[in-house]
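All of these numbers come straight from a predicted model, not from anything done at the bench. The residues of the chain are indexed from 1 along the displayed sequence.
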Amino acid sequence: MKITKETLIGELLRINEGVAPILMGIGMHCLGCPASQGESIAEACMVHGVDPDELVKKINDFLEKAE
């Protein structure tokens, strides 16, 4: 399964909880907070000063290996 910048953080964590360390590694330590669950990857990246395209690629690479 491929994710996009529009994928919600909550949805991403339901797809594969193993992405949590990737998100936490770039400073997204609020994964359990209700606001983060409804935030898109693009929105979260904007808040945390991260390139969303790089993050999406990293997550998709991880998900591909996890299948």
Contacts under 3.5 angstrom, residues 1-9 side chains, donor-acceptor by atom type, not counting sequence neighbours:
from, atom 1, to, atom 2, distance (Å)
T4, OG1, E6, N, 3.1
T4, OG1, E6, OE1, 3.4
K5, NZ, D53, OD1, 3.3
T7, OG1, T4, N, 2.9
T7, OG1, T4, O, 3.1

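Interatomic distance, CG of L12 versus CG of L63, reported as 6.5 Å (0.5 Å rounding). Of the inter-residue distances, the one linking N60 atom CG with K65 atom NZ reads 12.0 Å to the nearest 0.5 angstrom. Between the CD1 atom in I59 and the CG atom in N16 there is a gap of 10.0 Å [rounded to 0.5 Å].
Across all their heavy atoms, P52 and C45 have their closest contact at CA-SG, 3.6 Å.
Under the 4.5 Å side-chain heavy-atom criterion for grouping Ile, Leu, Val, Met, Phe, Trp and Tyr, F62 is connected to L55 within one hydrophobic cluster. Placement of M24 and I41 within a single hydrophobic cluster is found when ILVMFWY residues are connected by side-chain heavy-atom separations under 4.5 Å, directly or transitively.
Side-chain atoms of E43 come within 3.5 Å of backbone N or O of S40 as a donor-acceptor pair.
Using a 4.0 Å cut-off between a side-chain N of Lys or Arg and a carboxylate O of Asp or Glu, D61 and K57 qualify as a salt bridge.
Two residues are said to be in side-chain contact when any heavy atoms from C-beta on lie closer than 4.5 Å; M28 and I22 fail this criterion.
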